[in-house]
Protein chains: 2
Amino acid sequence: MPNKNWWKEILKQNGISFTKIRETIINILQNTESHLSAKEIYIIAHKKNKSIGLTSVYRTLDILTKLGLLHKFEFGDGEARYELDEKVNNKSHHHHLVCVRCNKIIDYTDFVKDETDFINKSEKGLSKIYNFDIKGHMIRFYGFCEKCRDK
Amino acid sequence: MPNKNWWKEILKQNGISFTKIRETIINILQNTESHLSAKEIYIIAHKKNKSIGLTSVYRTLDILTKLGLLHKFEFGDGEARYELDEKVNNKSHHHHLVCVRCNKIIDYTDFVKDETDFINKSEKGLSKIYNFDIKGHMIRFYGFCEKCRDK
DNA sequence: ATAAAATTGAAAATGATTTTCATTTTCAAT
DNA sequence: ATTGAAAATGAAAATCATTTTCAATTTTAT
């Protein structure tokens with residue numbers, strides 16, 4: 001993460017205007033630990049600035065996603081959820097543990113070494129076998145969280 | 001896979017009626033190599049039997065998914081896609097390679113040994129660390145397929 | 001054969017996301 | 001600082017996958 005305003009520079013480089021609304025949304029994404037949906041982001045943004053509409057939230061999320069600064073996930077609860085890129089947000093490489101009952105999502109950073117070895121080997125092999133230009137991967141575990149496992 | 005009619009027995013065991021419509025949908029799932037969406041299944045089913053409606057397709061897919069016989073995936077193209085369980089359909093354990101440009105999905109079965117080692121270790125560790133009762137995992141690679149990589 | 005329970009299709013409802021369009025804001029060039 | 005074209009905006013309408021409702025039909029246990 002260059003500095004707090006890394007994104008202003010990137011928007012400019014891509015010919016995208018800097019606006020109060022986009023600043024608000026990016027700040028929300030930078031300051032959350034959860035996996036917010038567009039509507040959840042809208043609710044927070046709208047409290048800070050009554051003039052922000054849901055449409056602009058969707059549009060900003062799309063722009064950031066297309067620039068690769070943001071990642072869009074579907075965890076199975078019907079709405080897309082977003083996370084700033086690890087590099088952009090200065091976070092460790094992680095994946096998710098998803099509770100199929102309450103939809104709780106845990107970010108985990110364990111077993112990165114094993115993961116890296118496995119992913120590198122698979123990626124290299126699959127690229128060759130299927131002539132695929134691999135850009136990213138996803139690993140996810142599903143099950144019952146602490147609170148839901150006994151119910 | 002017990003035999004061709006494995007599912008009749010399972011439905012009965014779960015108090016679910018056996019109907020022509022369900023038979024048609026299950027046959028379609030058994031005979032496809034692709035990752036069909038509800039609408040695609042409906043189109044095929046409807047050709048075979050004009051009285052089948054889209055609603056019943058959704059309902060049957062839900063039932064099979066809840067019984068664990070079918071798996072529901074979201075690959076990012078806006079509609080859920082379905083695959084019969086590997087055991088049920090006598091297929092090898094596999095994961096997916098997804099083209100982010102044309103949405104092509106490749107099932108791959110390579111590096112299973114490495115995967116099993118990595119997944120087992122992670123699953124055991126994560127279960128303990130997060131007190132999670134892990135039931136399944138997903139591994140997926142995103143990138144550009146053979147046809148899209150040069151465009 | 002029969003009646004209660006389960007299933008069905010069509011149409012309506014839902015809910016997330018996208019599009020439209022008239023208005024407002026941004027930004028580069030003055 | 002001013003300005004005007006281009007980009008961004010909110011509200012409302014449109015879209016589209018999925019779910020619900022409900023009256024009619026089919027299945028199943030008897």
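This structure is a prediction, so every number in the text was calculated from the model and none was measured. Naming convention: chains lettered A, B, ... in sequence-line order (proteins, then strands); numbering from 1 in each chain. Scope of the values below: all heavy atoms of this structure, side chains included, with no hydrogens, waters or symmetry mates.
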Could you walk me through whether B:E40 and B:R81 pass the salt bridge (Lys or Arg N to Asp or Glu O under 4.0 Å) test, one step at a time?
CA-CA 9 Å; B:E40 290 169 349; B:R81 296 183 173 277; 3.0 Å; yes

Would A:F141 and B:I119 count as a side chain to side chain contact (heavy atoms under 4.5 Å, CB included) if you check the C-alpha gap in whole Å, the side-chain angles of each, and the deciding distance to 0.1 Å?
CA-CA 9 Å; A:F141 289 92; B:I119 290 293; 3.8 Å; yes

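Heavy atoms of A:T19 sit under 4.0 angstrom from primed sugar atoms or phosphate atoms, though from no base atom. Residue contacts shown for B:G78 are limited to sugar-phosphate atoms, with no base heavy atom under 4.0 Å away. Nucleic acid contact class of A:S17 (heavy atoms, under 4.0 Å, all strands): sugar-phosphate only. No engagement by B:S37 is indicated, since no non-hydrogen atom pair under 4.0 Å with the nucleic acid exists. Among the atoms of the strands shown, only primed sugar atoms or phosphate atoms (P, OP1, OP2) are found under 4.0 Å from some heavy atom of B:R22.
Of the two residues contacting DNA chain D, namely A:S56 and B:R59, the nearest-nucleotide position lying further toward the 5' end is that of A:S56. In this structure, B:K20 and B:K72 both approach DNA chain D, and ranking their closest nucleotides by distance from the 5' end singles out B:K72.
The backbone N or O of B:F118 sits less than 3.5 Å from a side-chain atom of B:S122, completing a donor-acceptor pair. Under a 3.5 Å cut-off, the side chain of B:R140 and the backbone N or O of A:R140 do not form any donor-acceptor pair.
The nucleotide whose nearest atom lies closest to any side-chain atom of B:T55 is, among D:dA8, D:dA17, C:dA10, C:dA10.
One interatomic measurement links the two molecules: CD1 of A:I52 to C1' of C:dT25, which rounds to 14 Å at whole-angstrom precision. Per the geometry, OH belonging to B:Y82 stands 12 Å off P belonging to D:dA17, to the nearest Å. Here the C1' atom of nucleotide D:dA17 and the CG atom of B:L36 are 16 Å apart, to the nearest Å. Between the CD1 atom of B:I21 and the C1' atom of D:dT25 there is a distance of 10 Å, given to the nearest Å. With rounding to whole Å, A:E23 atom CD is found 14 Å from C:dT26 atom C1'. Computed from coordinates, the B:I41 CD1 to D:dT18 P distance equals 10 Å when rounded to whole Å. As a whole-Å value, the separation of B:E79 CD from D:dC16 P is 11 Å. Whole-Å rounding puts the A:F18 CZ to D:dA8 C1' distance at 13 Å.
A sub-4.0 Å separation between OP1 or OP2 of D:dT19 and a side-chain N or O of B:Y58 is absent.
Two rings, from A:H35 and A:F73, have their centers 6.0 Å or more apart.
Using the Watson-Crick or G-U wobble rule with both distances under 3.5 Å, C:dC27 pairs with D:dG4.
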